[in-house]
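This report concerns only the one structure given below.
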Amino acid sequence: MEHNLAVYNTLKRGKEIFVPLNEPFVGMYVCGPTVYGDPHLGHARPAIAFDLVFRYLKHLGYKVRYVRNITDVGHLEADRDEGEDKIAKKARLDQLEPMEVVQYYSDRYYHFMELLNVERPSIEPRASGHIMEQIEMIRKILGTGFAYVVNGSVYFDIEKYNGSYPYGKLSGRKLEDLMANTRDLEGQEEKRNPFDFALWKKALPEHIMRWPSPWSDGFPGWHLECSAMGTRYLGEQFDIHGGGMDLLFPHHECEIAQSQVANGKEAVRYWLHNNMVTINGQKMGKSLGNAVSLEEFFTGNHPLLEQAYSPMTIRFFILQAHYRSTLDFSNEALQAAEKGLKRLMAGMETLKSLQSAASSQIQGSRFKVQGSVNNPASDIRHPVSDIQHPGSRIQHLADSCYAAMNDDFNSPVVIANLFEGVRIIHAVKEGKEHLTEEELNHLNRLFDTFVTEIMGLQDESSGDQSKRIDGLMELIIGMRKEARERKDWGASDRIREALEDLGIILKDSREGTSWEKAD
RNA sequence: GGUCUCGUGGCCGAGUGGCUAGGCAGCGGUCUGCAAAACCGCGUACAGCGGUUCGACUCCGCUCGAGACCUCCA
C-alpha cells in the first residue's frame, strides 16, 4: 500500500507508521456504547473519530473489518455496592425486560449515528450474544493460573500477572503506585487484591440477567467482552483498537492482560484513543449529569442550547478539532461550526456549477490569463509560478489534504485546506482566476473525496426540499422578479416579508434570486 | 494524594526551533431600489518567570491555572 500514514499509538506514546499485519486487510475494534441511556454528544465523538479512520483506511485501499461492540450486560452500577448490573437496574426502574431496554437504546443509538452519517461497522456484536466465548476465555485464563475462583466468582490475579508481564504499560501506571492508593470499596472482600478485576461474577438473587457457567449462575466481568469478541472476529492479534481516553485505565489495561494470558500474545498493535468533549471545561458525562443528548441537540430542546443544531453541524464541529484534543462545547462554537459548514457546502455547490459551465467559459477566458500575470497587485500575494499555473495550487491542496490525513487523521487541517479551495472557487467564479477543465475536474474530485467520502459531510440544506416546493418557489420568485422589473417595490417587499414570516429567506444576487430556510 | 495531559488573538481550534493554519465574531469595502445574503480585504496571539540557542510560541526548569484517569462512563 503506497502511503505513509502515521498514527498516534498510545502504547508507544508517539506516532508510528501504520503497517497492518496482513495487508491489504485491517482489523479494527472500537469500544461501543453501553445501551442503558440515550446517546449524547460524548458518544458521537468516538463514533465520528473512528468513522473517519474507517473511511480513510478504506480510501487508501485497505479491506477493513471494523468491529464495534454493543455492551448490553455486565457493567456494575457505581453507586451500588451489590454489584448490580446496570442494565438490570434500569430495567427494574422502568419495569421493563432488560432486553427491552437494550433493544430500545441500541435502536436509538443506531438511529442517531445514522443521522450523523456514521457508517455502520462491519460487525456490531453484543456481549449478551457472546457469553460462550467469554466463558471459554475465562477457562483458558484459569488454565494458566492467572485467575482464581472465589464463591462462584472468578478474578484476574494482577499481582501474579505483573510478575510475568508489565501491567500498566498502556496507561503508564505502576503496580506499586496502584497498591499505594487504592480506595476501599465495598464488595471487594473476595479479591486477593483490590485492583484484581472480575472475569465472572456470581449473580445475586435480585439479578435478572444471568447465565449458567462452570462457576456459578452469573454474568461476565466488565472488561472481558471486548477481549472475547475482538479475538472472535479479528483473531488473536489485530491492528487497531480504539476507544475513549476514559477507557484507557482500567478497561483497556485489563483487556491487554486478559488477551495476553488467554492467547499467549499481545492482541493489539495500535491503540488509538479519542479525547473527551468538555462543557465549561469539564468532561461531559452521563454520570456527571451534564451530558446533552443528541436528540436534544437536533431539536434544540435543552436549557443549555440557544438553538437546534443539525447532525452535520455536530459532525463538522467534531471534525474541526483533532480527535486527540479535548473539544469544548458552547453555543458560540457550535454556531461558528454551523456557518463554516454552510460556507464549505455552498462553495462545493458553486464548484459544481462552475464545472458544468467549464468548457464554454474556459476557452473565452484564456486571454485574460495573460492579463492577470501582468497585474502587479496579484504579484504581491502569490508566487509567480502559481499565477502562471493556477492548477498547481490544486495539486498542492490535494497534497496538503493527504499529508494532513496521514498525520494521524488531522481533519482540522484538511478542513483548513478545503476552505483555501473555497477561496479559489470564488476567485474562479468572479473571473479573477482561471482553471482548465482538467484542473476544475481535479478540484471537484478533491472536494468529493475529502468532504463527502472521507469526512462524510452531506449537504442538508436541499435534502428535504420536495420538487413541489422548489416549483412553488420558482413561481413566487418569478412573480417577484416581474414586480421588481416594474419597480413595484411594494409588491416585491411584500412577497419577501411574507416568505420571511414563513421562515424562508430570499437572497438576491447578480445571477438571480435564491432561497433558503431560515431555521 | 498518585499518574498523566493541557494552557494559542473576542470565541472555537491547528501547528512549528527562524518562513507565523482555518472557521466564527468584529471592522473596512464591493454588489444592491432598500434589506439580507454573498464575495474581497484587515488582526502578529501563543499563561508567568528563568534557562538553552545566533534565534523559542515551539526545547528544559520552576510558578500559576485548568482538566483527565486512579470507580461505571465515549
Side-chain angles (χ1 to χ4, degrees), chain A residues 13 30-34 36-37 39-50 71 74-80 86 168 171-174 176-183 185 195 222 242-251 253 273-278 281-288 291 316-317 320-322 324-341 343-344 346 350 381 400 404 407 410-420 422-423 426-427 429-430 432 484 487-489 492-493 496-497 500 505-511 513-516:
Chain A
R13 312 238 149 208
V30 174
C31 291
T34 303
Y36 70 106
H40 58 81
L41 191 59
H43 291 102
R45 187 103 199 247
I48 289 171
F50 292 105
T71 296
H75 280 247
L76 295 172
E77 192 69 43
D79 53 346
R80 296 284 305 175
K86 259 187 186 174
S171 56
R173 271 156 227 264
K174 293 192 164 52
E176 307 86 76
D177 297 338
L178 290 171
M179 289 171 121
N181 47 242
T182 34
R183 297 190 204 173
L185 292 173
F195 37 77
W222 47 104
M245 274 184 189
D246 50 349
L247 299 178
L248 222 150
F249 188 90
H251 183 57
E253 207 69 72
H273 290 96
N274 63 277
N275 214 139
M276 304 290 105
V277 176
T278 59
Q282 238 208 346
K283 173 181 163 181
M284 182 184 280
K286 188 171 171 60
S287 52
L288 296 166
F316 187 70
F317 174 65
Q320 247 186 330
H322 185 86
R324 279 191 296 110
S325 301
T326 55
L327 172 60
D328 199 50
F329 152 86
S330 69
N331 281 285
E332 209 176 352
L334 245 10
Q335 281 157 14
E338 182 178 55
K339 288 184 182 164
L341 174 65
R343 188 162 124 84
L344 183 66
T350 306
R381 295 208 57 79
S400 301
D407 184 15
N410 198 328
S411 53
V413 170
V414 171
I415 291 171
N417 280 302
L418 291 171
F419 276 112
E420 210 51 55
V422 170
R423 195 154 285 149
H426 291 313
K429 189 192 175 195
E430 304 277 310
K432 290 177 187 160
R484 295 178 77 202
K487 296 201 189 299
D488 182 356
W489 308 128
S492 162
D493 289 352
R496 187 174 63 198
E497 282 154 20
E500 208 173 318
I505 295 180
L506 294 183
K507 299 192 292 186
D508 294 328
S509 75
R510 196 180 314 184
E511 291 79 29
T513 302
S514 60
W515 65 279
E516 67 181 33

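The figures here come from the full heavy-atom set of this structure, side chains too, leaving out hydrogens, waters and symmetry mates.
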Note to self: Could you tell me how far B:U58 sits from B:U20 if I compare only their C1' atoms? Round to whole Å.
What the structure shows: 11 Å

Notebook entry, point to check: Is there a donor and acceptor pair closer than 3.5 Å between the side chain of A:R173 and the base of B:C69?
Noted result: yes

Notebook entry, point to check: How long is the line joining CG of A:D407 and P of B:G15, in whole Å?
Noted result: 7 Å

Note to self: Just to be sure I understand the rule, does A:L247 reach a base, reach only the sugar-phosphate, or reach nothing, if contact means heavy atoms closer than 4.0 Å?
What the structure shows: sugar-phosphate

Item checked: A:L288 CG - B:G67 P separation (whole Å) -> 12 Å

Next item on the list: Report the C-alpha separation of A:T34 and A:K286 in whole Å, then their side-chain angles, then the decisive distance to 0.1 Å, and conclude whether the side-chain contact (heavy atoms from CB on, under 4.5 Å) test is met.
Entry: CA-CA 11 Å; A:T34 303; A:K286 188 171 171 60; over 6 Å; no

Note to self: By the 4.0 Å heavy-atom rule, please label A:G244 as base, sugar-phosphate, or nothing.
What the structure shows: sugar-phosphate

Item checked: Phosphate contact (B:G22 OP1 or OP2) by A:N417 side-chain N/O below 4.0 Å -> no

Next item on the list: Measure from CH2 on A:W222 to P on B:C72 and round the result to the nearest Å.
Entry: 7 Å

Notebook entry, point to check: Whole Å only: how far is the CZ atom of A:F249 from the C1' atom of B:C70?
Noted result: 6 Å

Notebook entry, point to check: Given B:C12, B:A14, B:C73, which nucleotide is nearest the side-chain atoms of A:A321?
Noted result: B:A14

Next item on the list: Report which part of the nucleic acid A:S514 touches: base, sugar-phosphate, or nothing (heavy-atom distance under 4.0 Å, all strands).
Entry: nothing

Notebook entry, point to check: The side chain of A:E430 lies closest to which of these nucleotides: B:C12, B:G33, B:C39?
Noted result: B:C39

Checklist line | Short side-chain N/O contact to B:C39 OP1/OP2 from A:H426, under 4.0 Å | finding: yes

Notebook entry, point to check: Should A:R423 be listed as having a side-chain N or O under 4.0 Å from OP1 or OP2 of B:G23?
Noted result: yes

Next item on the list: Once you apply the 3.5 Å cut-off to both distances, tell me the Watson-Crick or G-U wobble partner of B:G1, or none.
Entry: B:C70

Next item on the list: Could you tell me which nucleotide pairs with B:U16 by Watson-Crick or G-U wobble geometry, both distances under 3.5 Å, or answer none if nothing does?
Entry: none

Next item on the list: Tell me the partner of B:U52, counting only Watson-Crick (N1-N3 plus N6-O4 or O6-N4) or G-U wobble (N1-O2 and O6-N3) with both under 3.5 Å; none if nothing fits.
Entry: none

Next item on the list: Would you classify A:L327 as touching base, sugar-phosphate or nothing, given that sugar-phosphate means primed atoms plus P, OP1 and OP2, and contacts are heavy atoms under 4.0 Å?
Entry: sugar-phosphate

Notebook entry, point to check: Across all strands shown, which nucleotide pairs with B:C6 by Watson-Crick or G-U wobble geometry, both distances under 3.5 Å?
Noted result: B:G65

Check: What is the pairing partner of B:G28, taking Watson-Crick or G-U wobble pairs with both distances under 3.5 Å in any strand?
Finding: B:C40

Notebook entry, point to check: Whole Å only: how far is the CG atom of A:D488 from the C1' atom of B:C34?
Noted result: 14 Å

Margin query: Measuring only the C1' atom in each nucleotide, how far is B:G10 from B:G50? A whole number of Å is fine.
Written below: 31 Å

Check: Below 4.5 Å, heavy atoms only, C-beta onward: do A:F317 and A:L327 meet side chain to side chain?
Finding: yes

Notebook entry, point to check: When only distance counts, do a donor and an acceptor, one from the side chain of A:D493 and one from the base of B:A35, lie under 3.5 Å apart?
Noted result: no

Next item on the list: Look through every strand shown and name the nucleotide pairing with B:U58 as Watson-Crick or G-U wobble, where both distances are under 3.5 Å.
Entry: none

Next item on the list: Would you say whether A:F419 stacks on B:G23? The test is a distance between ring centres of less than 5.5 Å and an angle between planes of less than 30°.
Entry: no

Notebook entry, point to check: For atom P, what is the distance between B:C57 and B:A21, given to the nearest Å?
Noted result: 16 Å

Note to self: Heavy atoms only, 4.0 Å cut-off, all strands: where does A:M245 land among base, sugar-phosphate and nothing?
What the structure shows: nothing

Next item on the list: Report yes if a donor N or O on one partner sits less than 3.5 Å from an acceptor N or O on the other, where the partners are the side chain of A:K283 and the base of B:C73; otherwise report no.
Entry: yes

Margin query: For a quick check, tell me whether the side chain of A:R343 and the base of B:C24 share a donor-acceptor pair closer than 3.5 Å.
Written below: no

Next item on the list: Could you tell me whether the side chain of A:R496 has a donor or acceptor atom within less than 3.5 Å of a complementary atom in the base of B:A36?
Entry: no

Next item on the list: Report the C-alpha separation of A:L247 and A:H273 in whole Å, then their side-chain angles, then the decisive distance to 0.1 Å, and conclude whether the side-chain contact (heavy atoms from CB on, under 4.5 Å) test is met.
Entry: CA-CA 9 Å; A:L247 299 178; A:H273 290 96; 5.5 Å; no

Notebook entry, point to check: Got A:T513 and A:R484 here, is their nearest side-chain heavy-atom distance under 4.5 Å?
Noted result: yes

Next item on the list: Report yes if the side chains of A:N275 and A:R45 come closer than 4.5 Å at any heavy-atom pair, otherwise no.
Entry: yes

Note to self: For a quick check, tell me whether the side chain of A:S492 and the base of B:G33 share a donor-acceptor pair closer than 3.5 Å.
What the structure shows: yes

Next item on the list: Select one nucleotide: of B:A14, B:C24, B:G67, the one nearest the side-chain heavy atoms of A:V413.
Entry: B:A14

